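One structure is given below, encoded as structure tokens.
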Protein chains: 2
Amino acid sequence: MTPSLDATQLGAYFALIEASSLLKHAVEQQLREAGDLSYVQFQLLATLGDAPTGSRRMTDLADGVVYSRSGLTYQAQTLEKRGLVTRTQSSDDERSITVTITDEGRAVLAKVFPGHIAVLGDLLFAPLSRADIETLADILTRTRDHMRQTPPRSAEPRRRRKPTSAAE
Amino acid sequence: MTPSLDATQLGAYFALIEASSLLKHAVEQQLREAGDLSYVQFQLLATLGDAPTGSRRMTDLADGVVYSRSGLTYQAQTLEKRGLVTRTQSSDDERSITVTITDEGRAVLAKVFPGHIAVLGDLLFAPLSRADIETLADILTRTRDHMRQTPPRSAEPRRRRKPTSAAE
DNA sequence: GCAATGTGCTTCGGATTCGAAGCAACTGAT
DNA sequence: ATCAGTTGCTTCGAATCCGAAGCACATTGC
């Protein structure tokens, strides 16, 4: 039996993808104008700014914003050149790099934040009631957590044992 | 007073971005393995396949998947090279290009679909109840429609006129 | 008509991406 | 200690992406 989706599921899926794309796109414009930041750069700064120490390991940052390691290396270099973050060797693990947001980084963050909030309010939240937002947060948080837990290793078709043929 | 977001709004926003990123990422892997398609390419084929005539104008296609025109030109060429779509001049408007999905395109679509559905079921819908999905579809559809209507022209900083009292 | 604008698509150049491969530092078993 | 396997990050090359500029057809106003 082919597990086909019904209309509602399809609708939820498309709406999710479309809504996030449209939102991301709009936010990107605002961030570019307000502080010359790409969306990822903003996410990185925001993540760091939110951390108690203002710093995180490269790998954790990459996982946090769902980005490739090599891509993060590139962005970290870019942000470092602009003086928005610093990169230092970790003391306990020689190969680990700790990225830390600078005061200037926080300044840029503070500069773009109001506009960012405004876009969210105008586009994402405008047509929603308080209850809607709570519901949305609840539902999405559940799937997000589920996806985070689920086999991070791509769509590795759970090939249990099947030693005989193995093909591939 | 800076229009700050409360915890719930922040949670909804982050969950939305994270969930869509994780889902997109997972789906991309599956599409790549199953039919060597990128996410956009799949979206384009799916959009065309869904159209009554199996064809659309370039511009409409771009708007539909939230993509730049130049980016779409690139993808359309790629898909055409692989024989999954054809591009023909429109008869009534000489400069308009009509993109049409081919039988082969539909075949690829059919080939990747089951796996696609499976990923959605495992990741997105697994932790949700039927009611959750309906609610999610309803809420996201509303914001999506709102965003579609709202000034497509970027984040044109609504240069109000210098409200005397400021402070929103 | 015909110039002035507008619209649809492509080209161009530069910026980002990612995966694969490479390095260096850790870990654990021998 | 030493070798094999892991883990953290970077480099490399190739694919994608976008905005600005360009080109050709369309539409409007005169």
Side-chain angles (χ1 to χ4, degrees), chain A residues 21-22 24-33 36-44 55-82 85-100 152-156, chain B residues 21-22 24-33 36-44 55-82 85-100 152-156:
Chain A
S21 294
L22 289 166
K24 218 163 180 171
H25 198 264
V27 165
E28 191 130 87
Q29 310 270 123
Q30 185 271 317
L31 291 173
R32 182 68 66 191
E33 292 178 14
D36 196 36
L37 291 178
S38 68
Y39 194 70
V40 203
Q41 294 175 332
F42 170 74
Q43 283 185 295
L44 292 174
S55 54
R56 302 232 178 185
R57 291 194 321 152
M58 291 284 282
T59 294
D60 297 334
L61 266 181
D63 287 344
V65 300
V66 190
Y67 228 55
S68 70
R69 276 71 205 289
S70 52
L72 181 59
T73 293
Y74 176 79
Q75 288 300 347
Q77 289 174 339
T78 302
L79 290 174
E80 188 176 36
K81 274 182 202 143
R82 284 182 55 181
V85 306
T86 58
R87 294 190 299 167
T88 55
Q89 213 84 27
S90 176
S91 44
D92 49 324
D93 190 332
E94 207 53 44
R95 67 217 149 128
S96 180
I97 300 277
T98 299
V99 183
T100 307
R153 14 169 158 293
S154 38
E156 186 70 21
Chain B
S21 294
L22 290 167
K24 217 163 181 172
H25 198 263
V27 164
E28 191 130 88
Q29 309 272 123
Q30 186 270 317
L31 291 174
R32 183 68 66 192
E33 292 178 16
D36 196 37
L37 291 177
S38 69
Y39 194 69
V40 204
Q41 295 175 332
F42 170 74
Q43 283 185 294
L44 293 175
S55 55
R56 302 231 178 185
R57 291 195 322 151
M58 291 285 281
T59 294
D60 297 334
L61 222 36
D63 287 344
V65 300
V66 190
Y67 229 56
S68 70
R69 277 57 199 305
S70 52
L72 181 60
T73 293
Y74 176 78
Q75 288 300 345
Q77 289 174 339
T78 302
L79 290 174
E80 187 176 38
K81 273 183 202 142
R82 284 183 55 183
V85 306
T86 58
R87 294 191 299 167
T88 55
Q89 213 82 28
S90 177
S91 44
D92 50 323
D93 190 331
E94 206 54 43
R95 64 223 148 125
S96 180
I97 298 278
T98 300
V99 183
T100 307
R153 9 168 166 298
S154 38
E156 186 69 21

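Basis for what follows: all heavy atoms, side chains included, without hydrogens, waters or symmetry-related copies. Values in this document were obtained by computation on a predicted structure and should not be read as measured data.
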* To do: Name the nucleic acid region contacted by R87(A), choosing base, sugar-phosphate or nothing; use a 4.0 angstrom heavy-atom cut-off, strictly under.
  => sugar-phosphate

To the nearest angstrom, the CZ-P distance between R56(B) and dG8(C) comes to 15 Å

To the nearest angstrom, the CG-C1' distance between L61(A) and dG8(D) comes to 13 Å

To the nearest angstrom, the CZ-C1' distance between R69(B) and dC18(D) comes to 13 Å

Phosphate OP1/OP2 of dA20(C) contacted by S70(A) side-chain N/O (<4.0 Å) = no

The answer to which of D92(A) and T78(A) contacts DNA chain C further toward the 5' end, by nearest nucleotide, is T78(A)

Of dA20(C), dT7(C), dG19(D), the nucleotide closest to the side chain of S68(B) is dG19(D)

Hey, does T59(A) reach any base, or is it just sugar-phosphate, or nothing, if we go heavy atoms under 4.0 Å? sugar-phosphate

query: For dT10(C), does either OP1 or OP2 sit under 4.0 Å from a side-chain N or O belonging to Y74(B)?
result: no

Of the candidates dC9(D), dC9(C), dC17(D), the side chain of Q75(B) sits closest to dC17(D)

task = For the pair Q89(A) (side chain) and E94(A) (backbone), establish whether a donor and an acceptor sit closer than 3.5 Å, ignoring hydrogens and angles.
result = yes

Would you confirm whether E28(B), through its side chain, and Y39(B), through its main-chain N or O, come within 3.5 Å as a donor-acceptor pair? yes

Among dA25(C), dG8(C), dT16(C), the one nearest any side-chain atom of R95(B) is dG8(C)

Phosphate-side-chain proximity, Q77(A) and dT11(D), N/O vs OP1/OP2 below 4.0 Å: yes

Testing dT10(C), dT10(D), dC18(D) for proximity to the side chain of T73(A), the answer is dT10(D)

Rounded to whole Å, CG of D93(B) lies from C1' of dT27(D) at a distance of 11 Å

Atom CD1 of I97(A) and atom C1' of dA25(C) are separated, to the nearest Å, by 12 Å

Against the side chain of E94(B), the closest entry in dG19(D), dA26(D), dT10(D) is dA26(D)

Taking only N and O in the side chain of R57(B), is any of them less than 4.0 Å away from OP1 or OP2 of dG8(C)?
-> yes

